[in-house]
Amino acid sequence: MDLRKLTIVAGTFLTPLLVFLSFPGPDLSYLVWIAFVPLLISSTLLKRPKNAWLCSWASEALRWFLIIIWLRHVTWSGTILIAVVMGLWQSVWFVLFRRCLRDLLGESRLRAWSVILLLSICWVGVEVVRTHPFGVPGANLALSQWLNSEILKICSFVGGAGLSGIIIAANLCFLRLGSLLYLSRSRGAVLKSLTEGVSVVSVLVGLLFISNWYVKEGTSGEMVEMEVAVVQTFQPPYRYWTTERTTFVINNLVDLSDQSRDLEYDLMMWPEGALPYSLAEGSSMNDLISFVVTKKIKRPLFLGNHIEADGKAYNGVAYFDENGVWDGSFYAKQALVPFGEYIPFRNLFPGIETIVPIPIDFQRGGESRVFEFEIGGTSIRIGSLICYEDCFPYLARKSVEQDADILFVHVYNGWYGKEFGASFHAAHSVLRALENGIPILRCGSSGGSCFISATGEIDKAYRDDRRTTENTAIRVLPVKLPLNSTRTFYSKWGSWIDGFWVGASLVILLGSLFKLRINSDRG
């Protein structure tokens with residue numbers, strides 16, 4: 001194999017590996033800023049556009065597969081299918097990249113920087129459309145920076161997808177600068193290349209300074225403190241319920257709550273799907289929770305659970321006050337997982353529940369809900385998200401629009417196994433906190449429980465997700481809430497900003513096709 005072919009193969013496989021290492025789990029976040037350069041080089045070396053597209057598709061499919069490999073605990077076939085489809089979706093961007101290659105690597109600095117800007121916008125548009133309305137969130141490049149709150153503060157202006165665009169722009173800059181240095185034949189050309197690099201770094205540092213100041217000013221108001229007991233059940237992922245299993249889950253949850261007797265806290269939080277049976281009017285689960293609240297914890301309780309109302313089933317969040325009373329109101333999950341919480345087009349496939357063990361479909365909630373909780377004479381408004389809803393920026397914004405002071409995220413993540421899935425999922429909440437300038441408290445059944453401040457700092461409830469139930473199942477987290485904080489720019493205008501990314505991307509893609517049509521006609 002000659003050097004050219006070896007470089008192409010190496011670039012195709014190296015980019016997925018570098019991105020994987022930069023994401024939650026390995027957490028080598030700095031790698032993502034150069035991770036796409038190998039694949040971009042491979043694309044430039046391939047002479048035929050079709051081969052370049054197939055190369056990018058294969059590389060992107062592998063990237064997705066590595067990132068979501070923990071989903072194999074749920075389904076191998078689904079993991080592979082998602083990787084292949086998402087790789088195909090992202091490969092559209094690489095087609096556009098190939099068409100802009102001559103201007104990107106050319107001598108004209110204006111054209112090159114214009115191309116970098118346009119390609120970055122298109123990458124953002126691809127991510128936004130994938131998340132909403134197609135409903136395949138996660139794996140945004142910005143996720144790699146979840147532990148770098150100073151960088152993530154840019155999200156308060158452009159959102160998580162916008163930060164992904166900045167990361168892609170950095171990769172394109174490195175490609176261009178590397179090309180200029182490689183092709184330079186004079187000292188002046190080298191100096192010109194380095195000048196471009198210094199300009200890029202200066203702009204990025206300026207953006208970081210402005211965004212950090214902006215977030216700090218927006219969250220510098222009055223602070224209220226409270227203590228929340230977070231219960232992490234470490235419940236195994238049961239596909240089928242037996243009497244023995246239901247008894248274990250209920251007794252485990254009661255025992256864990258009983259361990260809080262000697263702890264000082266203001267309210268308790270249980271994860272999604274905490275109990276094996278539904279809450280409903282007259283349900284025995286209502287009596288059980290009332291008993292736990294009044295006899296064991298003697299504080300208010302927020303829990304995620306299946307809820308039945310008006311003859312329909314919901315995945316919801318309910319609030320029991322310190323007297324063990326639930327008024328029947330609840331938040332219903334708005335973004336349901338297909339083949340996890342409902343079967344699409346069930347009526348068209350009789351008997352499909354024998355293959356996919358989902359006997360009933362959950363109903364989709366229609367709106368966000370904010371619960372009010374009083375502490376020290378101060379009323380606190382608590383918004384709710386359930387499981388992977390924190391991957392959708394617009395759902396977090398809807399709660400913030402209702403003047404929520406904090407978001408509670410209830411998660412059932414026993415399916416992830418003892419790998420990095422819990423951290424990968426929790427990273428999305430960090431983006432939502434910085435986008436909206438609002439603190440977030442997460443309670444995961446098997447990991448990822450933490451408090452995330454409005455400025456992106458993380459206080460993990462459990463330092464090691466692999467520990468046993470007996471010694472890491474419950475912890476009190478100190479929660480600091482900035483009351484009357486200023487909503488961020490993205491929180492106010494996020495819908496318009498995301499619309500701009502998508503609209504601009506369509507214009508750029510159509511313009512590229514129109515230009516190609518003109519060039520082919522002339523040829």
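What you see below is based on every heavy atom in this structure, not just the backbone, and it leaves out hydrogens, waters and symmetry mates. We count residues from 1, following the sequence as given. The structure presented is a predicted model; accordingly, all values stated were derived computationally and were not measured.
A distance-only check finds a donor-acceptor pair linking the side chain of Trp57 to the backbone of Val84 [under 3.5 Å]. In this structure, Ser22 contributes its side chain and Val19 its backbone to a donor-acceptor pair below 3.5 Å. Without hydrogens or angle criteria, Asn171 side chain to Val32 main chain gives a donor-acceptor distance under 3.5 Å. Side-chain N or O atoms of Thr12 include none that pairs as donor or acceptor with a backbone N or O of Ser59 at under 3.5 Å. Checked by atom type and distance alone, the side chain of Ser164 pairs as donor or acceptor with a backbone atom of Ala142 at under 3.5 Å. Of the possible polar contacts, one joining the Arg442 side chain to the Gly448 backbone as a donor-acceptor pair under 3.5 Å is found. Formation of a donor-acceptor pair under 3.5 Å by the Glu372 side chain with backbone atoms of Ser379 is not found in this model. Although no hydrogens or angles enter the test, the distance criterion places no donor-acceptor pair under 3.5 Å between the side chain of His306 and the main chain of Phe362. Looking at Arg475, its side chain does come within 3.5 Å of a backbone N or O of Lys460 through a donor-acceptor pair. Checked by atom type and distance alone, the side chain of Gln145 pairs as donor or acceptor with a backbone atom of Ser29 at under 3.5 Å.
Between Phe451 and Pro478, the closest heavy-atom pair is CD2-O, 3.8 Å. Heavy-atom minimum distance, Ser329 versus Arg369: OG-NH2, 2.9 Å. The two residues His428 and Asp390 come nearest to each other via the heavy atoms CB-O, 3.7 Å. Here the closest non-hydrogen pair linking Leu39 and Ser56 is CD1-CA, 4.3 Å. The two atoms that bring Pro271 and Ser445 nearest to each other are CB-N, 3.6 Å, heavy atoms only.
Scored by the salt bridge (charged side-chain N to carboxylate O under 4.0 Å, His left out) test, Asp405 finds no partners at all (sequence neighbours excluded). For Trp123, the ring pair (Phe, Tyr, Trp, His ring centres under 6.0 Å) criterion is met by Phe36, Trp93, not counting sequence neighbours. Under the rule for a salt bridge (charged side-chain N to carboxylate O under 4.0 Å, His left out), Arg364 has no partner lying at least two apart in sequence or in another chain. Partners of Arg299 under the side chain to side chain donor-acceptor pair (under 3.5 Å) rule, at least two apart in sequence or in another chain, do not exist in this structure. Residues passing the salt bridge (charged side-chain N to carboxylate O under 4.0 Å, His left out) test with Glu272: none are found, sequence neighbours excluded. Residues satisfying the side-chain contact (heavy atoms from CB on, under 4.5 Å) criterion with Phe20, sequence neighbours excluded, are Pro26, Leu66, Phe420. Scanning for ring pair (Phe, Tyr, Trp, His ring centres under 6.0 Å) contacts around Phe174 gives an empty result, with sequence neighbours left out. Residues that satisfy the ring pair (Phe, Tyr, Trp, His ring centres under 6.0 Å) test with Phe65, not counting sequence neighbours, are absent from this structure. Ser491 pairs by the side chain to side chain donor-acceptor pair (under 3.5 Å) definition with Asn436, Arg487, not counting sequence neighbours. Remark: Phe157 pairs with Tyr214 by the ring pair (Phe, Tyr, Trp, His ring centres under 6.0 Å) rule, at least two apart or across chains.
The salt bridge (charged side-chain N to carboxylate O under 4.0 Å, His left out) pairs that include a residue from residues 139-164 are Glu150-Lys153, where partners are two or more places apart or lie in different chains. Contacts classified as side chain to side chain donor-acceptor pair (under 3.5 Å) and involving residues 76-87 (residues at least two apart or in different chains) are given here: Thr75-Ser77.
Side-chain contact between Asp266 and Val479 is absent, with no heavy atoms from C-beta onward closer than 4.5 Å. Counting only heavy atoms from C-beta outward, the side chains of Gln334 and Ser368 approach each other to under 4.5 Å. Between Arg432 and Ile452, the closest side-chain pair of non-hydrogen atoms is not below 4.5 Å. Taking the side chain as every heavy atom from C-beta outward, Glu264 and Glu227 never approach each other to under 4.5 Å. Annotation: side chain of Arg397 is in contact with side chain of Asp498 (closest heavy-atom distance under 4.5 Å). The side-chain heavy atoms of Leu477 and Ser449, taken from C-beta on, include no pair separated by under 4.5 Å. Contact of the Phe320 side chain with the Leu303 side chain is registered, since non-hydrogen atoms from C-beta on lie closer than 4.5 Å. Residues Ile497 and Val158 are not in side-chain contact: their nearest non-hydrogen atoms beyond the backbone lie 4.5 Å or more apart.
Heavy atoms from other residues, nucleotides or ligands lying under 6.0 Å from CZ of Phe373 number more than 12.
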Next on the checklist: Does Cys122 form a side chain to side chain contact (heavy atoms under 4.5 Å, CB included) with Phe97? I'd like the steps, not just the answer.
Outcome noted: CA-CA 10 Å; Cys122 282; Phe97 163 77; over 6 Å; no

Checklist entry - Please walk me through it: do Leu385 and Phe408 pass side chain to side chain contact (heavy atoms under 4.5 Å, CB included)? => result CA-CA 6 Å; Leu385 295 173; Phe408 279 8; over 6 Å; no

Item to check | Worked verdict on Tyr30 versus Asn148 for side chain to side chain contact (heavy atoms under 4.5 Å, CB included) | outcome: CA-CA 10 Å; Tyr30 55 86; Asn148 300 327; over 6 Å; no

Checklist entry - Can you list the steps and then say if Val317 with Trp270 is a side chain to side chain contact (heavy atoms under 4.5 Å, CB included)? => result CA-CA 10 Å; Val317 172; Trp270 287 357; over 6 Å; no

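Salt bridge absent: Asp459 and Lys480 never bring a charged side-chain N and a carboxylate O closer than 4.0 Å. One finds no salt bridge joining Lys398 and Glu401 here, because no Lys/Arg side-chain nitrogen approaches an Asp/Glu carboxylate oxygen to under 4.0 Å.
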